[in-house]
Every structure is written in structure tokens, then in C-alpha cells.
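One structure follows; several queries about it will come next.
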Number of protein chains: 2
Amino acid sequence: MSDERPEPGTVRPGGRTAKVREAVLRAAGDALAEDGFDRLDLAEIARRAGVGKTTVYRRWGTVPGLVADLLTEMAEDSLPRTETGTLLGDLTAQARLVQSTLSDARQGPLFRALITAAACDPQTADALHRFYRIRTEEWAPCVTAAIERGEIPEGTSPAELISAVSAPLYYRLLITGTPIDQPAADRAAQAAVTAAKAGAFIA
Amino acid sequence: MSDERPEPGTVRPGGRTAKVREAVLRAAGDALAEDGFDRLDLAEIARRAGVGKTTVYRRWGTVPGLVADLLTEMAEDSLPRTETGTLLGDLTAQARLVQSTLSDARQGPLFRALITAAACDPQTADALHRFYRIRTEEWAPCVTAAIERGEIPEGTSPAELISAVSAPLYYRLLITGTPIDQPAADRAAQAAVTAAKAGAFIA
DNA sequence: CCTTTAACGCAACTGGAGTTCCGTTATGAG
DNA sequence: CTCATAACGGAACTCCAGTTGCGTTAAAGG
């Protein structure tokens, strides 16, 4: 009984199929940023993308499924990382990047919607975890360099330290609603570095 | 044109009305914890609560509206606060309380659902912000006491410090999916205290 | 260039979340 | 106790998100 058919879009991924995926993911990002996760209608996405709604339902099925695919694509293009020569400098740059992303008129609502979608669906959650694991690994060299320079103790976990910088900003975005401004970013970086120097992030 | 009618349940809040509210909010909490925010159906809530679905739709209208009311009720019963005599002791207790809540089989999913609902609706977001503002204020005395004892510098913002303890744990719950264990809680408290002593949370 | 069929798109259909109607219960005031 | 009406509950209805059927377009292999 080999009635297993491949995922739509995998056998002939060229030309039209790729254009459809690109248009739909772009429309999905726009709609998520504008309306949020729960008000999403796949038919509306199809209309925006100039694509038949049947196609969207057939290839992605559900809103979380579509968001998971969007996250997979977002994980592919990486961010420029600043090298300032000090841990505080590097992590302040990271904090300010997160700050400007989360307070951006499009990106802020988009990230909130992505996290929301992940909270509702295991498959999307996996995609989100992968996305942040990749982003964290991209910043890890800052930490290992600081260890080599002797700024922070050996055994400090890069992932723990990097997360500690972002966490307070996401906490504002999702929990308290306090504005995510540059002082908040600088404080997050400063606090994380101070704690790291004292050995708080040794796994 | 005074065709403004009061919210249902405000004119005769006694007996039956109160019982209905209690039953519905309890059912809503159960359903949120089990199924999550997006799979919520007000008719299902009504069934669980042993109440007509018309009643639920009339009084709360939408899922976010119901969640907002649930948050308002949750904000009313407060938590026992531990007093250990040191800032690290108090904040470790706080971190462990958050840790055990978020990793609890019922409470973890419930909080995730509440935060999700708030991300989808402004009214619910207000209710969530109020909930956490109240919880933060309940813990603030730990911080002011520590300032008086001279453990941390004057001008340290209680809200900033308290948030810094919780943030890494919520970051795990919502973003990375890393397990929320006791070492993580202890590390969060330790890092926050270290940073606070160095003056990282002076507004 | 020709053939096969994956993938798309239109239009008709379906199921269930949310609404409306109206009769019933019981709260709170006098 | 009695009365007016706030609030509840069952059932029928509406509307649209999501599905299905089928004909059309174009990707990939020869």
C-alpha cells in the first residue's frame, strides 16, 4: 500500500511553483504584520498574492502551517553581525538590533504574530525554535571571542548569554507592553555582561 | 438618544449570574490549558460549564473578551511572597515560583494561551499588562527592602529588576522551547541580583 | 518539439462558529 | 408577597472559512 504522495511543490519546484511560494509568503508576512495571527484568512492571503485560494489550502493547509514555512524561509537569510572588540560593545549592538526590530512598525507586529502562531501549533513551534537557534548561533562568536580575550570566565554558555540579552526585550513585547526603547536595550546588554563576568552563565 | 444599555451581568450580579460567571471562567481556563487559544470554541466552553451558549456569546462575545475577564479575575487572588532576608534569597524564591508555574502541566499551557490571546487583542493585552503590573508590585517590597539594607544601589527600579528575573523563563516558554528547570530559575535570579548590585537597573 | 502529469485556478458545495428569536427563570426592588 | 424585567436557555437560522470536483496551464524528462 504505497499510497504515500509527496508534499505538493516538491516534485516540480521550478518556475511557477517558486513564484507562487514567494508571493504567498510575502503576502502572509504582510497580513501577519497588519492583522495579527488570529484574524488571518488563507483566502485573503491568496487574494493578496494573486493566487487561487485552492492552491494555498492545498500546499499549506492551515495558518500555522503557512507560518512555519515563512519561518523556515526567514531562517535562511542571516543578519550582519557587528564586531566591536569588546563583549559589551558586541552585545549592545545585538540588543539595539533586537530593539529596533521589535519596535519597528512592521517587524514588531510580525514577530509577535510569529510567536503567537508558534504557541498554537507544535510544527510552527519547531520552526520558531530552529529560527532562534540559528540566530543565536550566529551571535555565539562574540561570546567565544570574549572568553578567549579573558573578559568572561571559561565555561560560559554562549546561548544562555545571548538569550539573556534578548529576553527582557521580548518580555516587554509580549508580557508587560512597556515601550522597547534604546535605554532598555542598553540596560539589557549591560546587565547580561555584568552577570556573565561574575560567572552567572556557566552551564 | 440614551440607548446605552449596561453590560449584561452588571445590573443583577447576584446568585445565578455569579454562578454562571464562575462556571464559565473555570471552563475557559480548563479549555485554554488543554486546547490552547486558537482552538477555543465558545459553544464548547458553554457545554463544559453547563450553560447555554447564547449566554456566553451575549456576555463575553468573543474568545479574547472572555480571556480578558479571566485575567481580571486571576489578578484578584494574589500569591504568597517569601521573605528570606536577602535579595538573592527572595528573588530565587520568586524565580522558582515562576519556574514551577510555567513548567506545570496545567498552568504552563494556560499562561502560554493567555499571552497568546493578549497578542491578538488590545483589550486582552490591557488585562494582561494589568495582571503583570499587579504581580510585579506584589514583589516590589523585596527590592525596596534590599535597597534599605544597602544590598543594591538607591534608584534601582523594582519593576525592572523583578522583570529581569522572570524574563529569561518566559523567553524559554515562548521563544526557544528550552526546558524551564530549577537551575534556569536559579541562574536567572543570580544574574539579576549580580546586575542589580552593579547598578544595571537604575532607571 | 512532444508527452506526461504536477501544480494551479475557478466555481460549486459543506459544516460549524456565531447570531437571532422568543419563551422561561429568578433577581432585586417596593 | 408581588411585580417588573435582567439574565438565562433551547432551537432555528445565517454566513463564510475551508473543502471538493474538475478543467487548464506549464514544469521536467525524453
Side-chain angles (χ1 to χ4, degrees), chain A residues 2-28 31-32 34-69 113 117 120-121 123-124, chain B residues 2-28 31-32 35-69 117 120-121 123-124:
Chain A
S2 62
D3 57 343
E4 50 185 277
R5 67 220 119 139
E7 285 289 300
T10 53
V11 180
R12 286 180 184 177
R16 184 169 55 165
T17 301
K19 275 196 159 62
V20 165
R21 177 166 184 248
E22 190 182 5
V24 170
L25 291 186
R26 178 174 189 80
L32 278 177
E34 285 169 30
D35 302 335
F37 164 72
D38 64 322
R39 288 175 201 169
L40 222 54
D41 170 15
L42 293 193
E44 165 70 10
I45 304 274
R47 207 187 50 73
R48 279 178 188 251
V51 155
K53 76 167 178 169
T54 318
T55 302
V56 177
Y57 279 106
R58 202 168 10 223
R59 270 185 70 179
W60 290 280
T62 63
V63 172
L66 178 55
V67 175
D69 196 29
C120 295
D121 178 73
Q123 181 196 351
T124 313
Chain B
S2 61
D3 58 341
E4 49 185 278
R5 67 220 120 137
E7 286 289 299
T10 53
V11 179
R12 285 181 186 175
R16 184 168 58 165
T17 301
K19 275 196 157 61
V20 165
R21 178 167 182 247
E22 190 183 6
V24 169
L25 291 186
R26 179 174 187 81
L32 278 176
D35 302 336
F37 164 73
D38 63 322
R39 287 175 202 170
L40 222 52
D41 170 15
L42 293 193
E44 165 70 11
I45 304 275
R47 205 187 52 72
R48 279 177 187 249
V51 154
K53 75 167 178 169
T54 318
T55 302
V56 176
Y57 279 107
R58 202 170 12 224
R59 272 186 67 180
W60 290 279
T62 63
V63 173
L66 178 55
V67 176
D69 196 29
C120 294
D121 177 73
Q123 181 197 350
T124 312

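Every chain is numbered from 1 and lettered A, B, ... according to where its sequence line falls, protein lines coming before strand lines.
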Using heavy atoms to find the nearest nucleotide of DNA chain D for B/Thr54 and B/Arg16 separately, return the residue whose nucleotide is more 5′.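 In this pair, the answer is B/Arg16.
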
Between atom CD in B/Glu44 and atom P in C/dG15, what is the gap in whole Å?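 After rounding, the reported distance stands at 20 Å.
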
Whole angstrom is fine here: how far is it from CZ in B/Arg39 over to C1' in D/dG18?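 Going from B/Arg39 (CZ) to D/dG18 (C1'), I get 16 Å.
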
Rounded to the nearest Å, what distance is computed from the CH2 atom of residue A/Trp60 to the C1' atom of nucleotide C/dA7? 11 Å

Nearest to the side chain of B/Arg59, which nucleotide is it out of C/dC8, D/dC8, C/dG18? D/dC8

Checking the side chain of A/Thr124 only, and the main-chain atoms of A/Val67 only, is there a donor and an acceptor separated by less than 3.5 Å?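 Absent.
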
Quick one: are A/Asp38 and B/Phe37 in side-chain contact, heavy atoms under 4.5 Å? yes

Tell me whether the side-chain N/O atoms of B/Thr17 come closer than 4.0 Å to OP1 or OP2 in D/dA7. no

Could you check how far NZ of A/Lys19 sits from P of C/dA6, rounded to whole Å?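 Going from A/Lys19 (NZ) to C/dA6 (P), I get 22 Å.
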
Separation of C/dC10 atom C1' from A/Arg58 atom CZ, nearest Å, is 11 Å

Hey, which sits more toward the 5' end of DNA chain C by its nearest nucleotide, A/Arg21 or B/Leu42? A/Arg21

Heavy atoms from other residues, nucleotides or ligands near CD of B/Glu22 exceed 12 (cutoff 6.0 Å): no

Could you tell me how far apart A/Arg47 (CZ) and D/dG18 (P) are, to the nearest whole angstrom? 16 Å

Distance check needed: C/dG18 P versus B/Tyr57 OH, whole Å only. 4 Å

Might you work through the salt bridge (charged side-chain N to carboxylate O under 4.0 Å, His left out) test for A/Arg21 and A/Asp69, ending with a clear yes or no? CA-CA 9 Å; A/Arg21 177 166 184 248; A/Asp69 196 29; 3.0 Å; yes

Is any side-chain N or O of B/Lys53 under 3.5 Å from a base N or O of D/dG9, one able to act as donor and the other as acceptor? no

Where the side chain of B/Val51 is concerned, which of C/dA17, D/dG9, C/dG9 is the nearest nucleotide?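 The listed nucleotide nearest to B/Val51's side chain is D/dG9.
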
Under a 4.0 Å threshold between the charged nitrogen and the carboxylate oxygen, would A/Arg48 count as salt-bridged to A/Glu44? yes

Any side-chain N or O of B/Thr55 less than 4.0 Å from the OP1 or OP2 oxygen of D/dA7? no

